[in-house]
Amino acid sequence: MNGVRRRTVLRLGVAAAATAGLATGCAALTGEQAGTTLRSDLTPPEPFRVRLPIPATAEPVSPGRFEVTQRVADVEIIPGTTTRVWGYDGTFPGPTFDVRRGEPVTVTIHNELPAPTSTHLHGGVTPADSDGYPTDLIVPTGLDFEPGHGSHMEVKEWRLHDGSREYEYPLDQPAATLWYHDHRMDFTAPQVWRGLAGMFLIRDDDEDRLDLPRGEYELPLMLCDRAFEDDGSFKYPSIDDSLLGVPGVEGDYHQGVEGDVILVNGAPWPEASVANTMYRLRLLNASNARRFELAMDEVGFTQIGSDSGLLPQPQELETLTIAPAERFDVLVDFSQVPVGTRVVLRNRLGSDGTDVVMRFHVDREAESGAAVPRRLVEPATMTPDEVVAARTFAFALTNQGDHQMWTINGRPFDPEQSLASPRLDTVERWTFTSDFHHPVHVHMAHFQVLTRNGKPPAPEDAGWKDTVDLRPYEVVEVAIKFSGHRGRYMIHCHNLEHEDMAMMANFDVV
Ligand code: C2O
Ligand code: CU
């Protein structure tokens, strides 16, 4: 039996579970929970016992050239245990890139893992060839790998690089909080879960002119959830743990996998020691499926940037909802509380431990010298009459023959097909519709939310974005600008289990 058929048979089992879930699990479908919780076998550690780690900064080997090696490493995540991670340079999160607009970089990725990878710079205005297409793979030297074995789709065109490849990032885009992560066909979810994600910060002169907190007063915070086996290893419901055979997850987890341990920069419910001054937090939700509604005890957030850059002016948010792959660049002012205060960052969508994210201990006096700027950057100049075309993308579970799959416009991902051909340097109006929680992500092109359910956008929709949170049965309209590069790019759901189960499509910028 070939891989394609085996997969189809397997899907029947998944579909039966899906239907049962639809009938009995209505709370999950209409509520705020975007996935199914996978419980750890070990007892989760006490919160706030581990110090917040700050990932290393990626250092160039020569100006503009970076080398990163993906490898297996054993690290301590849960105190007293070791976890085997798949990491960029063997770390989870990977090193943080700290780079500047207009200074292009080349990143050579070496793959020493036991499986192929593809690396995508999320939010990058990247030439198509370097965008981390799912079938454009770095195969570890010597690995016996049969492309597409067990896949839901027969892919004709694979590009396989032996051991390593270079990615070119022109960085001709405004200062923003980006991230990079694995994007391998059918296996993105388990490979990111094992640790293949890191932050990528772009700075520019416009940002430098603002008095924003710098250095130790700027904290990248990668939020995600994981579950753990008894021995401290990551727990994940893969059908095939080798990640070389049949892709996908078992049973009910097709909705998305949520862990019961919250990690920040790879540490469980950490504590950061901070001074009583203004900080800049670069928040990224790197979870496969979990959404957070973040709130701080005693202090609010001043949002200064979204996914793809700074806002025209800051906005105050008491809470903020962050879906997978979204970023929020915020200022928080710890001078509002006395030295000695412990400020908890909470998740209002969580329960049973996942309602807490981390804690800040305001343990000293210092002055970051920063103030909240009144204006940040020039507002964007897109106007409705620039729109040259309108298209709709429906994200839904649909019947495919005798089973159900996560699809866009009724179709599972087909690398041979393209759903749209927007022209370079034009603006289009795209409408996204949804039957469940689907964080919709577009590669290369950035957009602004025009309406949400026919009403004005939510506060969280502000600014230039590349990912937008759709809840069940929501309709979001965006104005999307195709500046940058021609070529084949992707639109997909960033619930990584949905993405792996075919909720992905090509579009061609022409
Ligand atoms: Cu963050 Cu196509 O992905
Ligand atoms: Cu989805």
Side-chain angles (χ1 to χ4, degrees), residues 31-55 75-81 83 85 92-93 179 181 189 192-195 197-199 219-229 232-237 253 256-274 281-297 301 319-328 330 332 342-361 437 439 469 494-497:
E32 297 290 329
Q33 199 187 353
T36 305
T37 303
L38 182 63
R39 297 250 161 247
S40 293
D41 295 324
L42 57 67
T43 309
E46 290 283 304
F48 319 135
R49 294 293 160 86
V50 179
R51 259 185 110 77
L52 175 76
I54 302 295
V75 301
E76 183 173 6
I77 295 177
I78 305 294
T81 69
T83 307
V85 301
F92 167 56
W179 63 303
H181 61 78
V192 170
W193 188 271
R194 290 182 189 195
M199 297 189 74
L219 302 175
L221 299 178
M222 179 194 281
L223 277 44
C224 64
D225 57 353
R226 293 291 184 268
F228 293 86
E229 308 275 4
S233 52
F234 284 139
K235 182 175 179 181
Y236 186 83
Y253 294 98
V257 181
E258 296 192 349
D260 57 357
V261 175
I262 304 297
L263 305 179
V264 183
N265 295 345
W269 299 288
E271 182 171 86
S273 111
V274 295
L281 309 182
R282 309 258 202 168
L283 298 165
L284 157 67
N285 182 354
S287 304
N288 285 25
R290 179 178 295 279
R291 298 163 68 247
F292 295 86
E293 184 185 344
L294 300 175
M296 294 257 241
D297 291 354
F301 304 107
T319 74
L320 67 88
T321 302
I322 183 168
E326 283 190 301
R327 285 89 68 210
F328 283 80
V330 301
V332 293
R342 291 185 156 92
V343 181
V344 177
L345 177 62
R346 298 184 190 278
N347 170 27
R348 295 211 178 155
L349 302 182
S351 58
D352 260 350
T354 61
D355 49 351
V356 163
V357 176
M358 65 174 290
R359 189 166 74 178
F360 296 91
H361 183 198
H437 290 280
D469 182 26
H494 220 290
N495 174 314
L496 297 182
E497 282 76 27

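Not measured: the values here are computed from a predicted model. Numbers here simply count residues along the sequence, with the first being 1.
- No option in Arg49, Arg342, Arg51 other than Arg342 meets the salt bridge (charged side-chain N to carboxylate O under 4.0 Å, His left out) test with Glu271.
- With sequence neighbours excluded, no residue forms a salt bridge (Lys or Arg N to Asp or Glu O under 4.0 Å) with Arg348.
- Qualifying salt bridge (Lys or Arg N to Asp or Glu O under 4.0 Å) partners for Glu497, counting only residues two or more places apart in sequence or in other chains: none.
- With sequence neighbours excluded, no residue satisfies ring pair (Phe, Tyr, Trp, His ring centres under 6.0 Å) with Phe48.
- For the pair Trp269 (side chain) and Gly353 (backbone), a donor-acceptor distance under 3.5 Å is present.
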(message) Go through it in stages, so that I can follow the logic: the residues are Leu320 and Leu283, the test is side chain to side chain contact (heavy atoms under 4.5 Å, CB included), and I'd like the CA-CA distance, side-chain angles, deciding distance and then a yes or no.
(response) CA-CA 11 Å; Leu320 67 88; Leu283 298 165; 4.3 Å; yes

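- In this structure, Ile262 CD1 and Phe292 CZ are separated by 4.0 Å, a value rounded to the nearest 0.5 Å.
- With sequence neighbours excluded, the residues that form a ring pair (Phe, Tyr, Trp, His ring centres under 6.0 Å) with Phe228 are Phe234.
- Heavy atoms only, all atoms of each residue included: Glu293 and Thr319 are closest at OE2-OG1, 3.2 Å.
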(request) Take Tyr236 and Asn288, measure what side chain to side chain contact (heavy atoms under 4.5 Å, CB included) needs, and give me the verdict at the end. (result) CA-CA 11 Å; Tyr236 186 83; Asn288 285 25; 3.9 Å; yes

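- Listed by chain and number, the residues in a ring pair (Phe, Tyr, Trp, His ring centres under 6.0 Å) with Phe360 are Phe334 (sequence neighbours excluded).
- A donor-acceptor contact shorter than 3.5 Å is absent between the side chain of Arg291 and the backbone of Ala289.
- To the nearest 0.5 Å, atom CZ of residue Arg226 and atom CG of residue Leu38 are 11.5 Å apart.
- Scored by the side-chain contact (heavy atoms from CB on, under 4.5 Å) test, Pro270 finds Leu52, Val264, Ala267, Met358 as partners (sequence neighbours excluded).
- For Arg39, the side-chain contact (heavy atoms from CB on, under 4.5 Å) partners at least two apart in sequence or on another chain are Thr37, Asp260, Asp352.
- Every residue two or more places apart in sequence or in another chain that forms a salt bridge (Lys or Arg N to Asp or Glu O under 4.0 Å) with Glu258 is listed here: Arg290.
- Asp469 contributes no side-chain N or O that, together with a main-chain N or O of Ala323, makes up a donor-acceptor pair within less than 3.5 Å.
- Evaluation of the side chain to side chain donor-acceptor pair (under 3.5 Å) rule for Ser233 yields Asp231 as partners, not counting sequence neighbours.
- Take Arg282 and apply the salt bridge (Lys or Arg N to Asp or Glu O under 4.0 Å) test, not counting sequence neighbours, and it matches Glu218, Asp329.
- Distance check: Leu221 CG to Phe328 CZ gives 14.0 Å after rounding to the nearest 0.5 Å.
- The closest donor-acceptor contact from the side chain of Asn347 to the backbone of Thr354 lies under 3.5 Å.
- Asn265 meets the side chain to side chain donor-acceptor pair (under 3.5 Å) test with no other residue; sequence neighbours excluded.
- The distance from the CD atom of Glu229 to the OG1 atom of Thr81 is 11.5 Å, given to the nearest 0.5 Å.
- Residues passing the ring pair (Phe, Tyr, Trp, His ring centres under 6.0 Å) test with Trp179, sequence neighbours excluded: His122, His181, His494.
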